[in-house]
Number of protein chains: 2
Amino acid sequence: MLQTGSAATTREAIHSAATRLFQQRGFARTTVRQIAAEADTDPALVIRHFKSKELLFLETMHLTIDDEPLLDVPLERLGERLVELLVGLDGSARGIFLALVRGSNEPQIQERLQATHEQVLVRPLRGRISGPDSDVRARLAAALAAGLLHTLWVARDEALLRTDRAELISRYGALLQAVLTPTDT
Amino acid sequence: MLQTGSAATTREAIHSAATRLFQQRGFARTTVRQIAAEADTDPALVIRHFKSKELLFLETMHLTIDDEPLLDVPLERLGERLVELLVGLDGSARGIFLALVRGSNEPQIQERLQATHEQVLVRPLRGRISGPDSDVRARLAAALAAGLLHTLWVARDEALLRTDRAELISRYGALLQAVLTPTDT
DNA sequence: AACTTCGGTCAACTATGTTGACTCGGCTGT
DNA sequence: ACAGCCGAGTCAACATAGTTGACCGAAGTT
């Protein structure tokens, strides 16, 4: 609104408004005009700064996890630890995950989701296991992990949502463990 | 276009055009005007017949699987058989699944996805297993199954997509089997 | 024959992403 | 110091979207 703007300030206001709105309402249900209003500026400025709504989305929706918890746990508890990590994720991570999944109609958002799956799930897991087929095993484990998020957050299996955290961690963790460190043949 | 319309004919034309377009391009990227053009009619008629784009979507996007293959297989092969079924699904099922997932920003579409998850995955699995915790086990197995679809279709793990079908069926099937018929410890 | 009904057409409304013309304040080069 | 430029902001407008309401014309009913 004020001409006094350091461009960076306005840009930051837009960035943080967009972050909040995209996380809460997703890509489709967030409008450029909402973002502008929230950042107390003009819709045209939003586009000026970020080229397009989609690029703004990509600039704000980065999903990462702190994978240290995966490193300092013994290999035999890796499965449990990952599930523990996943079900303990905060609303922000959930919002970004959902926004990416639901926005993946757009090719660039799909690419981001693909890369995120790789970086957040596949890579950390592959880094901790060994063996000739460690890549496939890491990917299968990542699929399990993604299945948990999909079921809890996207499909919203009410019964699983009500299930005791500890039980979920123990049972689903055991399944993950079976791919990560297969016992016999 | 033709004034001679039996309403049912036009409605059917719209229905089938919408089915194809929603499957191919998803909810957001399909416009009412496209559907109308495809059905050789007027956008206003599309709305007249189905009240709204979203209701038309819900009317057309029904995902079911033939679960007979799950019934006639011995219990010990249920996991493998389900994976076989899933990776063998045709483009139509894939299109509907993706459309539901990506459309799940809309509350009603989310509900449909939730119900579909329940009916297509949880229910058939729970029907075949027994035990006090068969419900949880069915839901965990459904999560695994959904994880496979999510990873192949939504996240598009290229490496897994290139993986040999038989190997995928055997390995992921074994994981599923571990929830369905736990070998106890 | 007049009226009603029903399928269809058309124009318009609102909302959305995006663009371009314009304003204005401060800085720069001379 | 002043003319000119530049960068930030404002505004109106465009194209496209879903949706609505007024109208039209044929066909059946009374």
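Remember, it's a predicted structure, so these values are computed and weren't measured experimentally. Proteins get letters first, then strands, A, B, ... in listed order; numbering begins at 1 in each. Atoms considered below: every heavy atom in the structure, side chains included; atoms not considered: hydrogens, waters and symmetry mates.
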Heavy atoms from C-beta onward define the side chain here; which of D:dA8, C:dT9, D:dT19 lies closest to that of A:T10?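 Nearest listed nucleotide: D:dA8.
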
Out of D:dT10, D:dA17, D:dA8, whichever nucleotide has its closest atom nearest the side chain of A:T41: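 Closest nucleotide among those given: D:dT10.
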
Rounded to whole angstroms, how far apart are [atom1] on [X] and [atom2] on [N]?
X     : N      : atom1 : atom2 : value
A:H49 : D:dG9  : NE2   : C1'   : 9 Å
B:R48 : D:dA22 : CZ    : P     : 12 Å
B:I47 : C:dA12 : CD1   : P     : 19 Å
A:K53 : C:dT18 : NZ    : C1'   : 12 Å
B:R33 : C:dA11 : CZ    : C1'   : 11 Å
B:R29 : C:dG17 : CZ    : C1'   : 14 Å
A:D42 : C:dC24 : CG    : P     : 16 Å
A:I14 : C:dG17 : CD1   : P     : 14 Å

Side-chain donor-acceptor contacts of residues 52-60 of chain A below 3.5 Å, not counting sequence neighbours, with atom names and distances?
residue: A:S52; atom: OG; partner: A:E54; partner atom: N; Å: 3.4
residue: A:S52; atom: OG; partner: A:L55; partner atom: N; Å: 3.1
residue: A:K53; atom: NZ; partner: A:F27; partner atom: O; Å: 3.0
residue: A:K53; atom: NZ; partner: A:T30; partner atom: O; Å: 2.8
residue: A:E59; atom: OE2; partner: A:R11; partner atom: NH2; Å: 3.2
residue: A:T60; atom: OG1; partner: A:L56; partner atom: O; Å: 2.9
residue: A:T60; atom: OG1; partner: A:F57; partner atom: O; Å: 3.0

Do A:L180 and A:E76 touch side chain to side chain, with heavy atoms closer than 4.5 Å?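 SC-SC contact between A:L180 and A:E76 ruled out.
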
Any salt bridge between A:D90 and A:R94, counting N to O under 4.0 Å?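 Salt bridge between A:D90 and A:R94, a charged N being under 4.0 Å from a carboxylate O: no.
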
Between A:E106 and B:R102, is there a side-chain N and carboxylate O pair less than 4.0 Å apart?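 The answer is no: the pair does not qualify as a salt bridge.
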
